[in-house]
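The next block holds one structure in the form of structure tokens; read it before the comments.
In what follows, chains carry the letters A, B, and so on, assigned in the order in which the sequence lines appear, proteins first and then strands, with residues in each chain numbered from 1. In this text, all values refer to a predicted model and were calculated from it rather than measured experimentally.
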Amino acid sequence: MRKKPLRVLKLIALYAALILFAIFMMGPFLWILSVSLMPGKNVFSSPPAIFPTFIDFDNYVQVWNYMDFPRYLMNTVIIALMGVVMNIFFSCLTAYPLAVFRFKGRDLIFALLVATMIIPAAAGMVVNYLTVKALGLMGGFLAVVLPSAVTVFNVFLMRQAFMGMPHELRDSGKVDGASEFRIWLQLSLPIVKPAIAVIGLLEFMGMWNSFLWPMIVLNDTKQYPIASALSFLNGQFSYNFGWIAAGTVISVIPIIVVFLCTQKYYMEGVSGAVKG
Amino acid sequence: MKKTPFFSRFGKSEASVAWLFMTPGLILLALFVFWPIIYSVPLALTNYSVIGKTEFVGFDNFVKALQDKSFITSLVNSLLYVIVVPFIQIFSILMAILVNSNVKGIKIFRTAYYIPVVTSMVAVALIWGWLLNQNGVINYVLSSVGLMQEKITWLSNKDTALWTLMFITMWKGLGYYMMIYLAGLQSIPKDLVEAAMIDGANRAQTIRKITIPLLKPYVFFCTLISLMAAIRVFDEVFILTMGGPGDATLTSSLYIYQQGFQQFNFGYSSALGLIVSVMIAALSIVIFRFNRKGGVNPY
């Protein structure tokens, strides 16, 4: 009898805490949205404009006309898809024998790969720059994608997935006379689809948000992906708050939409990476 | 084929097929993961830069690094940045406990908390840079609630800049760690807690004796990941402060970058990279040694 009001109180406290955290995590995004919708408002005015008092899409129209957003978004999509396809292809190929074959040196290769995970990336950037230059790739999308076309982390995730595959599968393929490649393509890959989805998504988001490496290897700002373009825009027009706010919203919305549509696989992948 | 004995079945042919599978990926990894490590050793022993003749200089770069005040400052700052790690664990575990409850709309909250993780650091840094400006929203809110007398220039004051960056790093990462801890909490069998309760254990006891021990591998994983991220921190510093004011927020990653791509001292930059790599590698070994007792595998 006495328990009921206590439970209601607990529920209220829970929701209060949830909403408080939601304001903390989402507030900045809602604020930038509100700033982007109020042309001419200074973000540093006092009192500051937190909630939109009027709505106008002028900032969007102007920044869209000034910057070639369709092109930047196109660049980003191309770069991200290249990264996704290469990562899936190469890590599925590389991880497969590491998980299911038995051969000399397998454990050594795996240990070597894992050891590289602890070495900081900043140290390798100079050498990678020189390598990309020596390969004559400077200024092209391949220069952006190739250094991260296969990552140790993804090989790791795929190996984990292949190891969960039943042994009988490969044996049955062999009995039927299928080649190792066909067993890989037609029997094994369908089973690890969830893991493929996960590395695809992680890679897509990573590529979408990378800004520094593209700026280093691309000479022409017209080739920039969206995050680099946003950083560039900020450098050029740091005083035009409305434009930058609108540009930020434009750059953020696609990736949030992708996340919302795929979050089921994505969340499973993030938590699955630990269990392994 | 089917009749071949076990040993030859896993013998030579298997190995050659294995190498066939791995070659494309291994070539790329060799080129962009192993080569940078190998090549930066000879590079670090030269004065290679865009100007002048490249000469072998022995350990000059390493001697120079130890006397380089900015480099020492950057190391100290990178180590200070590690202070963010326990705060990340506390807040993300708290959030995970909150979103682990089974109430209406909980999925919306989980998603909302995760949004900062998927957005780019460029966008996040831009937004927080404005919010934390001297005349920004944060200062206005804090002073109108009476929590602050004088306006703080969060990112351009040498006493607050590093801490402010750490706050932004934490804010962006919380959702990621929350999801991992949530997976950890959900992996704890409910019967276990119920059984303990029936046996007369109270709430605090079940948390101490069941939840915390079972959550340990997750805490280890998250601590390791966030520690590595903190020591390597780059993006937010690069976008928001560029190491300033003065050297107040200069981190080692940023300094390696500046020496390489702004000063074009490729040799010196490689030497700095090697020093930091060795330090991080040593740190990882220490952490794994400490953890070996628990017998958890972080991946």
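Interface summary for chain A: among B/Ala112, B/Ser40, B/Gly260, B/Gly136, the most heavy-atom pairs under 4.5 angstrom belong to B/Ala112. Residue with the most contacts toward chain A among B/Thr119, B/Leu272, B/Val33: B/Thr119 (heavy-atom pairs, distance under 4.5 Å). In terms of heavy-atom pairs under 4.5 Å with chain B, the best-connected choice from A/Val252, A/Val132, A/Leu14, A/Ile255 is A/Leu14. With chain B as partner, the option from A/Leu135, A/Thr248, A/Leu212, A/Ile216 having the largest number of non-hydrogen pairs under 4.5 angstrom is A/Leu212. Between chain B and the residues A/Ile109, A/Leu98, A/Val155, A/Val152, the most heavy-atom pairs under 4.5 angstrom are made by A/Ile109.
Partners of A/Thr94 under the side chain to side chain donor-acceptor pair (under 3.5 Å) rule, at least two apart in sequence or in another chain, do not exist in this structure. Here A/Phe181 pairs with A/Trp184 under the ring-ring contact (aromatic ring centres under 6.0 Å, His included) rule; sequence neighbours left out.
Contact annotation for A/Leu11: only side-chain heavy atoms (C-beta onward) come within less than 4.5 Å of a heavy atom of chain B. Residue B/Tyr48 touches chain A through its side chain alone, counting heavy-atom pairs closer than 4.5 Å. Heavy atoms of A/Phe21 lying under 4.5 Å from chain B belong to its backbone as well as its side chain. Only the side chain of A/Tyr129 comes within less than 4.5 Å of a heavy atom of chain B; its backbone N, CA, C and O stay farther away. Using a 4.5 Å cut-off between heavy atoms, A/Thr131 touches chain B through its side chain atoms alone. Heavy-atom distances place no part of A/Phe89 under 4.5 Å from chain B, backbone and side chain included. Of the atoms belonging to A/Gln263, it is side-chain heavy atoms, and not backbone ones, that fall under 4.5 Å from chain B. The contact between A/Leu130 and chain B is made entirely by side chain atoms (from C-beta outward), counting heavy-atom distances below 4.5 Å. Proximity to chain B is limited to the side chain of A/Ile32, based on heavy atoms less than 4.5 angstrom apart. Neither the backbone nor the side chain of A/Ala95 comes within contact range of chain B; no heavy atoms are under 4.5 Å apart. For A/Leu260, the part sitting under 4.5 Å from any heavy atom of chain B is the side chain, from C-beta outward, and nothing else.
Within residues 23-32 of chain B, the residues having any heavy atom less than 4.5 Å from a heavy atom of chain A are, in residue-number order, B/Pro24, B/Gly25, B/Leu26, B/Leu28, B/Leu29, B/Leu31, B/Phe32.
In summary, of the residues considered (A/Phe90, A/Phe103, A/Phe162, A/Tyr96), a ring-ring contact (aromatic ring centres under 6.0 Å, His included) with B/Phe21 occurs for A/Tyr96 alone.
Between A/Phe29 and B/Trp171, the ring-plane angle classifies as tilted under the 30° and 60° cut-offs.
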In a table with atom names and distances, give each donor-acceptor pair under 3.5 Å that connects a side chain of residues 92-106 of chain B to protein atoms at least two apart or in another chain.
{"residue": "B/Ser92", "atom": "OG", "partner": "B/Ile88", "partner atom": "O", "Å": "2.6"}
{"residue": "B/Ser92", "atom": "OG", "partner": "B/Gln89", "partner atom": "O", "Å": "3.4"}
{"residue": "B/Ser101", "atom": "OG", "partner": "B/Leu98", "partner atom": "O", "Å": "2.5"}

